[in-house]
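Before any comments, here is the structure.
If you're wondering where the values come from, they're calculated on a predicted model, not measured in any experiment. Here, residue 1 is the first one in the sequence, and each next residue gets the next number.
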Amino acid sequence: MAKRAVHRRARKILGEEPVALVWCEIHRPIPTPPKEVHRAAGKGRLKPGHHWLLYVGAVVFFFVVIPMMLIDKLGGRLDRLSQPRRDRGPRAGQPQTPPDARPSSSGRDPDRDRRQDPTHGIFDGDWNLTAGQLLLRWYGHSPNPKRLVMLARDRVCVATSPRRRLSPTKADDFQTFAEFPLDQVRVEGEAGQPRGFATFRLRFADGSWLEVGRLGEPEDADHFLRTVNG
């Protein structure tokens, strides 16, 4: 469960004990909005930030790992060239499979799937409605991907910490950046979803919706989903 620091901070923000709370993330890349819509919203960040260790790892990969792989591959090729060549063609009478007749490893075309669902299943697709506008400023308040959704008796609040890294069980500096009364939003989520794959939706009164996942702290997630499902 989220520790006392998180609940104490949530209680201070809400002015009451939270009915339920859970850390969550946008679990897929945010689609690219129209330029004029993004500009009107302040051209905010559309991707989470990355920790400096990720950049160090990328540098090591490109300047150490890749050269070693190339050297190893080149050495193997030289070894093969030094060996007598052998006929590796098909045996006599054995038909060859045309390249275009070979079975695909997958019956689905990822590019076609992406074209069919340009929103990646994150929201309803209308950038001018509540969900789209919330999505445009989702990362503007913090580069950290985690957001805390808090349920109170009369409203739903979304909060974030300004830190690039945080511990969801100990964070005590998060601030609310979006708040909706219960007559403007409904939280939809099924109880009993597999841990690690659970999601829920914020469905707004204008018909728009936003889906989040990667729910943190399994006990908090279970309690949250039981609460909204009940």
Side-chain angles (χ1 to χ4, degrees), residues 19-50 108-152 154-162 166 168 174-217 220-221 224-229:
V19 176
L21 53 78
V22 68
W23 289 99
C24 59
E25 301 181 26
I26 297 291
H27 54 304
R28 298 186 183 95
I30 293 179
T32 303
K35 291 183 179 179
E36 62 275 11
V37 173
H38 193 199
R39 188 183 306 113
K43 299 184 69 174
R45 176 194 291 269
L46 296 175
K47 296 180 180 179
H50 299 294
R108 302 182 62 183
D109 181 352
D111 293 333
R112 184 181 61 189
D113 290 346
R114 282 191 290 269
R115 289 194 297 268
Q116 291 176 347
D117 184 13
T119 68
H120 299 174
I122 294 176
F123 78 124
D124 59 280
D126 193 330
W127 293 99
N128 295 307
L129 297 182
T130 305
Q133 291 295 303
L134 176 60
L135 198 59
L136 286 168
R137 55 196 180 97
W138 188 264
Y139 293 119
H141 301 268
S142 173
N144 191 286
K146 292 181 174 59
R147 299 293 179 268
L148 183 67
V149 175
M150 301 178 289
L151 304 184
D154 60 349
R155 64 196 187 280
V156 176
C157 297
V158 186
T160 185
S161 168
L166 63 85
F174 51 86
Q175 298 280 349
T176 298
F177 71 90
E179 183 174 312
F180 306 96
L182 289 184
D183 61 351
Q184 295 296 316
V185 64
R186 183 173 71 254
V187 183
E188 299 177 343
E190 295 182 4
Q193 296 184 59
R195 289 182 174 180
F197 299 94
T199 62
F200 66 86
R201 286 186 176 185
L202 298 174
R203 188 174 294 277
F204 300 96
D206 59 8
S208 63
W209 54 266
L210 174 64
E211 183 173 286
V212 295
R214 295 179 185 171
L215 310 188
E217 300 307 305
D220 286 335
F224 186 93
L225 292 174
R226 285 196 304 269
T227 301
V228 301
N229 191 53

Can you tell me how far apart CG (D154) and CD (E179) are? Round to the nearest 0.5 Å. 8.0 Å

Find the distance between CZ (F180) and CZ (R186) and round it off to the nearest 0.5 Å. 14.5 Å

Can you confirm whether E190 is buried at CD, in the sense that more than 12 heavy atoms of other residues, nucleotides or ligands lie under 6.0 Å from that atom? no

Does a donor on one side chain sit under 3.5 Å from an acceptor on the other, for N144 and S142? no

Report yes if the side chains of L202 and V187 come closer than 4.5 Å at any heavy-atom pair, otherwise no. yes

Worked verdict on I26 versus V212 for side chain to side chain contact (heavy atoms under 4.5 Å, CB included): CA-CA 5 Å; I26 297 291; V212 295; 3.9 Å; yes

Closest non-hydrogen contact found for P31 with I122 is CD-CD1, 3.8 Å

Within the structure provided, determine whether F204 and L134 are in side-chain contact (heavy-atom separation under 4.5 Å). yes

Under 4.5 Å between any side-chain heavy atoms of Q175 and H141, yes or no? no

So, taking the atom named CG in L210 and the one named CZ in R203, what distance separates them when rounded to the nearest 0.5 Å? 11.0 Å

Considering non-hydrogen atoms only, spot the tightest contact between H27 and G213 and give its length. ND1-N, 3.3 Å

Counting C-beta onward and ignoring hydrogens, is there a side-chain heavy-atom pair between R214 and K146 closer than 4.5 Å? no

Heavy-atom pair with the smallest gap, counting every atom of P29 and H120: O-ND1, 3.0 Å

Taking the inter-plane angle between the rings of W23 and F174 on a 0 to 90° scale, is it parallel (under 30°), tilted (30 to 60°) or perpendicular (over 60°)? perpendicular

Determine whether L135 and W127 make a side-chain contact, defined as any pair of heavy atoms from C-beta on separated by less than 4.5 Å. yes

Mind listing the closest non-hydrogen atom pair of T176 and M150 along with its distance? OG1-CE, 3.9 Å

Taking the side chain as every heavy atom from C-beta outward, state whether C24 and F224 have any atom pair closer than 4.5 Å. no

Would W138 and V158 count as a side chain to side chain contact (heavy atoms under 4.5 Å, CB included) if you check the C-alpha gap in whole Å, the side-chain angles of each, and the deciding distance to 0.1 Å? CA-CA 10 Å; W138 188 264; V158 186; 4.1 Å; yes

Where is the tightest heavy-atom contact between R39 and K43, given as atom of each residue plus distance? CA-CG, 3.5 Å

Can you give me the closest heavy-atom contact between L21 and D220, atom names plus distance? O-CB, 3.7 Å

Does any donor atom in the side chain of D206 or T130 lie under 3.5 Å from an acceptor atom in the other side chain? yes

Side chain to side chain contact (heavy atoms under 4.5 Å, CB included) evaluation trace for Q193 with L215: CA-CA 11 Å; Q193 296 184 59; L215 310 188; over 6 Å; no

Could you go step by step and tell me if V156 and V149 meet the side chain to side chain contact (heavy atoms under 4.5 Å, CB included) rule? CA-CA 7 Å; V156 176; V149 175; 4.0 Å; yes

Once rounded to the nearest 0.5 Å, what's the spacing between atom CD of E211 and atom CZ of F200? 9.5 Å

